[in-house]
Structures are given as C-alpha cells and as structure tokens.
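Comments concern the structure below.
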Amino acid sequence: LATVKAEREGEVPNAMRDATRDKKGFGHGADYLYPHAYRDHWVAQQYLPGSLQGQVFYQPSNQGYEAGIQAQVARRREAQLAALVARGSADEEALTFGPENPQQDKWLERATGALGEQLGAVRDRLFQTLSPQRHHVLLDLNATTGLLTWEAIRQVPEGGVYACAQSAKDREALLEQSAMLGELTRPVVVSVKNSDWIAALEQSGDPVLFDGVVGRNALMRLDKKLTAIKQLKKRLAPKGKIVLAESIPSRGQRLSQLLDSQRTDADLLQQLAQAEAILYNNPQDPMLNWDAADLQRDFEASGFNCAVDVVKFDSEMMITPARLQQWLGAGSKYCDRLTQQGLTSADIDPIRRTFSQQLSQQKVIWTRSIAFIEASFGVNESKY
C-alpha cells in the first residue's frame, strides 16, 4: 500500500489500458495476455508500471503450501525478468531493434509474455539435458539476468555455481540478488572481459573443474568461437557436459517477410529482400557468419562429441507505431545496416510508408531459431 501511494502518478502500462478507447491511435490494450487462457492461469507478462518492474511484493515462505510453490514462483519471476531485458540483449533481434527509447511505448517493447514463456522453455530444456546431480559444480557462461544461474543453484544445493558477468552492471545485479540467499548457496560471480572465461576464472583463484557448463547466447557474437570452445574444454571435468542455447541470427526474422507481396510494390519488395539477404549473410560479421553446423564443427574440432538440434519458436507480436519507429526510424540499427548495403534515404522512405500502411497496429508472427547444443566426451548424434 505504501508503494501504491508513493507511485500513484506512475504511467499505466498500455497493455493494461482500456482497449475500447484510443486503441487505434495509441495501442491501448495491445499485447494484453489474459492469464486464465493459459495453463495454471498464469502467463509471463508484466502488469506493473515501468517504475515498479522488478520489485517483489510477495515472497513464499518455506512452510506449508507456500514451500511447494516457492520454486515455481521463483522460476516464473526469473523468466519475466529475462523477458524484460531481452529486447536490449545479445540476441538476433539486435539486428533490427535499436536502443530503448522510454518515450516510445517502452512498455510494449518490454512486456512480451510470449518471450517470457519461450525463455522459460529454453531454461527448462537446458537443465533437462544437463541433468545435474545435487553435488555438481556448474558454470553459467552468460549470467546476465540470472535466468540460468538461479535454476542452477536450485538444482545443485550440495555443489556450487559460478556465474559469469559480462558487464559491471550485470555483476552488480547478480551480487545484489544473491545477497538474499544463504551464504553457502550464493553463486561465485566472475567478471569476464571479451569472453575470456579462463582468465576470469584464474583471477577468481579457484582451479575448479566443472561438472556442467550452461549458457544462453554465450557464443553467438564471438569472433573466435573455436578458441572460446577450447577454453571451456580446459575447465570441464572428464565426465562433464556443456549445454548451450544459441540464437541463430542468420536464420532470424526478415522484416521483408512481414509485408504482403500482393499489396507491396514488386521492385520495392525485391530491393528490400536483396538488401536483407546481404545483411544477414555478411561473412565479416561474427554474429551472422555461422550456422548450427559451424558450431558442431568447432566443438568436434576441439575434441567433443556434439549434438545440435535447431528449434524454431514462433510468437505473436503487435506492430505498434513505436515498434515501427524502432525498426525504421532515423538512426535505427536496421536502417543503418540497410544504408551499409547501398540503400539511400530516398529508398528507405517508401519502405517506411509501406510498413506503416500495412502493419501498424497489426499482429504478426515473429520467428526465432535457437540451436540447442550438447557437448561432452561421450557419444551423441546431431540434428540440424
């Protein structure tokens, strides 16, 4: 109640506003997900104003019924947190999404329930594949929001967890959150620069070998993926296993595919599709110059047996004016990349108009492809 009184002037999120009023002009009610239409009457969508996102008002105890739902509540919150920051993280959407602009419908860019569901599914698959024992020592290569770190702590209560923070901000957040845990269960937070995991672990002063290594988008942006994989091998126990989920930007959603070919000028659509084809297949860009087979080759060249399974995730996305501005507004990453492929401002202007006419306030299917990687010193099969 005290928080409500203090924050009473905060902005009501668009997803929670009355869709019968101003939906067309302002997107009120857009992207709202009705919890009772989902399993267990819950969906990974945030309903709080931006100023309150991340705050916790209820924490289940370890007594009675609450003890049974404690881990479930924690997992759901972690998926929500990961979804909140995913728009600005190192995933394939970084090709089209620019920096967040709090004046441009920030809520709809962050409160994507389907994305939270997908991240939860990714986490669950990784740990099901890893199948750690209670005494194992695990390493999270790219802790970021802690999505994998906190699950690792739950799964190895008698072992230990090391969490790699790629930035000072990530490290500070992980330390702040882990302070709420008992001293014996807190992760060892390691600061990593340029994905040099070995140097970071050596600085921590602990020569531990890991029974399991997990990560989400830990290798995706790296220029020297083979070198990084060989580093990991040095710290993996003889019976250890590496389990990763890597988004594949080269298989990411093309904006040109969202347009209706019957309603779009053929020359304009061809010009955009050709520019995107070059953009998404740039051999000089380490985020784009690889596919699932390349990762498997690098793991096998490092002495691992490796299984790779590529899974396509589809989710609904509301195309708001703010989202179109992020994609095609002046200074956006996507427009900058199109310009690098030879398109001029005069070329991009009709593209902007076409997207606005066809897609503003419309729902589309957004596709992501994720490679699930399992590597060990045993025998596996591949599928990609």
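Note that the numbering runs from 1 along the sequence shown for the chain.
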Item to complete: Would you please say whether a donor-acceptor pair under 3.5 Å links the side chains of Q296 and E300?
Response: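 Their side chains do contain a donor-acceptor pair, which is all the 3.5 Å distance test asks for.
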Worksheet item: Do T264 and Q358 get their side chains close enough for a donor-acceptor pair, meaning under 3.5 Å?
Response: yes
Hey, are the side chains of [X] and [Y] touching, using non-hydrogen atoms and a 4.5 Å cut-off?
{"X": "D285", "Y": "R337", "value": "yes"}
{"X": "V364", "Y": "I319", "value": "yes"}
{"X": "V213", "Y": "V243", "value": "no"}
{"X": "D140", "Y": "W150", "value": "no"}
{"X": "Q166", "Y": "T144", "value": "no"}
{"X": "K333", "Y": "D336", "value": "no"}
{"X": "V156", "Y": "V137", "value": "no"}
{"X": "V188", "Y": "V161", "value": "no"}

Worksheet item: Are the charged groups of D298 and K224 less than 4.0 angstrom apart, N to O?
Response: no
With clusters defined by side-chain heavy atoms of hydrophobic residues (ILVMFWY) lying less than 4.5 Å apart, directly or transitively, does [Y] cluster with [X]?
{"X": "L209", "Y": "I198", "result": "no"}
{"X": "I248", "Y": "L226", "result": "no"}
{"X": "V311", "Y": "L126", "result": "yes"}

Closest non-hydrogen atom pair between [X] and [Y], with its separation:
{"X": "Y280", "Y": "P249", "result": "CD2-O, 3.2 Å"}
{"X": "P321", "Y": "Q361", "result": "CD-NE2, 3.0 Å"}
{"X": "G329", "Y": "C335", "result": "O-SG, 4.0 Å"}
{"X": "S376", "Y": "G240", "result": "CB-O, 3.6 Å"}
{"X": "S356", "Y": "L324", "result": "CA-CD1, 3.8 Å"}
{"X": "L269", "Y": "S256", "result": "CD1-O, 3.7 Å"}

Counting N and O atoms only, with roles assigned by atom type, does the side chain of [X] sit under 3.5 Å from a partner on the main chain of [Y], one being a donor and the other an acceptor?
{"X": "N142", "Y": "G215", "result": "no"}
{"X": "R251", "Y": "R368", "result": "no"}
{"X": "Q326", "Y": "S332", "result": "no"}
{"X": "S360", "Y": "Q357", "result": "no"}
{"X": "D211", "Y": "H136", "result": "no"}

Pairwise distance [atom1]([X]) to [atom2]([Y]) - rounded to 0.5 angstrom:
{"X": "I153", "Y": "L148", "atom1": "CD1", "atom2": "CG", "result": "11.5 Å"}
{"X": "L130", "Y": "E151", "atom1": "CG", "atom2": "CD", "result": "10.5 Å"}
{"X": "T367", "Y": "L258", "atom1": "OG1", "atom2": "CG", "result": "8.5 Å"}
{"X": "L338", "Y": "L279", "atom1": "CG", "atom2": "CG", "result": "6.0 Å"}
{"X": "F377", "Y": "F304", "atom1": "CZ", "atom2": "CZ", "result": "4.5 Å"}
{"X": "L141", "Y": "L244", "atom1": "CG", "atom2": "CG", "result": "6.0 Å"}

Practice prompt. For I242 and I373, run side-chain contact (heavy atoms from CB on, under 4.5 Å): C-alpha distance rounded to whole Å, both residues' side-chain angles, the deciding distance at 0.1 Å, then the answer.
Written response: CA-CA 8 Å; I242 298 174; I373 301 157; 5.9 Å; no
Practice prompt. Could you check R125 against D309 for salt bridge (charged side-chain N to carboxylate O under 4.0 Å, His left out), going step by step and ending with a plain yes or no?
Written response: CA-CA 12 Å; R125 172 163 178 165; D309 185 19; 2.8 Å; yes
Test salt bridge (Lys or Arg N to Asp or Glu O under 4.0 Å) applied to [X] - qualifying residues, sequence neighbours left out:
{"X": "E176", "answer": "none"}
{"X": "R171", "answer": "none"}
{"X": "R134", "answer": "E158"}

Practice prompt. Apply the test side-chain contact (heavy atoms from CB on, under 4.5 Å) to residues T129 and F372: give CA-CA distance (whole Å), side-chain angles for both, the deciding distance (0.1 Å), then the verdict.
Written response: CA-CA 10 Å; T129 302; F372 288 91; over 6 Å; no
With sequence neighbours left out, write down each residue that passes side chain to side chain contact (heavy atoms under 4.5 Å, CB included) with [X], or none if nothing qualifies.
{"X": "D265", "answer": "D267, L268"}
{"X": "D294", "answer": "W290, D291, R297"}
{"X": "A228", "answer": "W197, L219, L222"}
{"X": "Q257", "answer": "Q253, R254"}

Worksheet entry | side-chain contact (heavy atoms from CB on, under 4.5 Å) evaluation trace for R323 with M317 | CA-CA 10 Å; R323 202 182 297 274; M317 175 186 286; 3.5 Å; yes
Worksheet item: What pairs with T344 under side chain to side chain donor-acceptor pair (under 3.5 Å), at least two apart in sequence or on another chain?
Response: D347
Discussion item. For L272 and F355: C-alpha separation, side-chain torsions, deciding distance, then whether side-chain contact (heavy atoms from CB on, under 4.5 Å) applies.
Written reply: CA-CA 12 Å; L272 177 59; F355 270 89; 3.8 Å; yes
Item to complete: Would you list the pairs meeting salt bridge (charged side-chain N to carboxylate O under 4.0 Å, His left out) in which at least one residue belongs to residues 349-360, sequence neighbours left out?
Response: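 Counting only pairs at least two positions apart or across chains, the salt bridge (charged side-chain N to carboxylate O under 4.0 Å, His left out) contacts touching residues 349-360 are D349-R352.
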Item to complete: Determine which pairs satisfy salt bridge (charged side-chain N to carboxylate O under 4.0 Å, His left out) with at least one residue from residues 238-249, sequence neighbours left out, and list them in order.
Response: K241-E374
Fill in: Listed once per pair and sorted, the side-chain hydrogen bond (donor to acceptor under 3.5 Å, both in side chains) pairs that draw on residues 225-234, sequence neighbours left out
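Checked against side-chain hydrogen bond (donor to acceptor under 3.5 Å, both in side chains) - neighbours excluded - the pairs reaching residues 225-234 are D196-Q231.
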Practice prompt. Return the orientation label for the W327 and W366 ring planes: parallel under 30°, perpendicular over 60°, tilted otherwise.
Written response: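 Because their plane-to-plane angle is under 30°, the rings of W327 and W366 count as parallel.
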Discussion item. Holding to ring-ring contact (aromatic ring centres under 6.0 Å, His included), I want the full list of residues that pass it with F313, two or more places apart in sequence or in another chain.
Written reply: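 Residues passing ring-ring contact (aromatic ring centres under 6.0 Å, His included) with F313: none at all.
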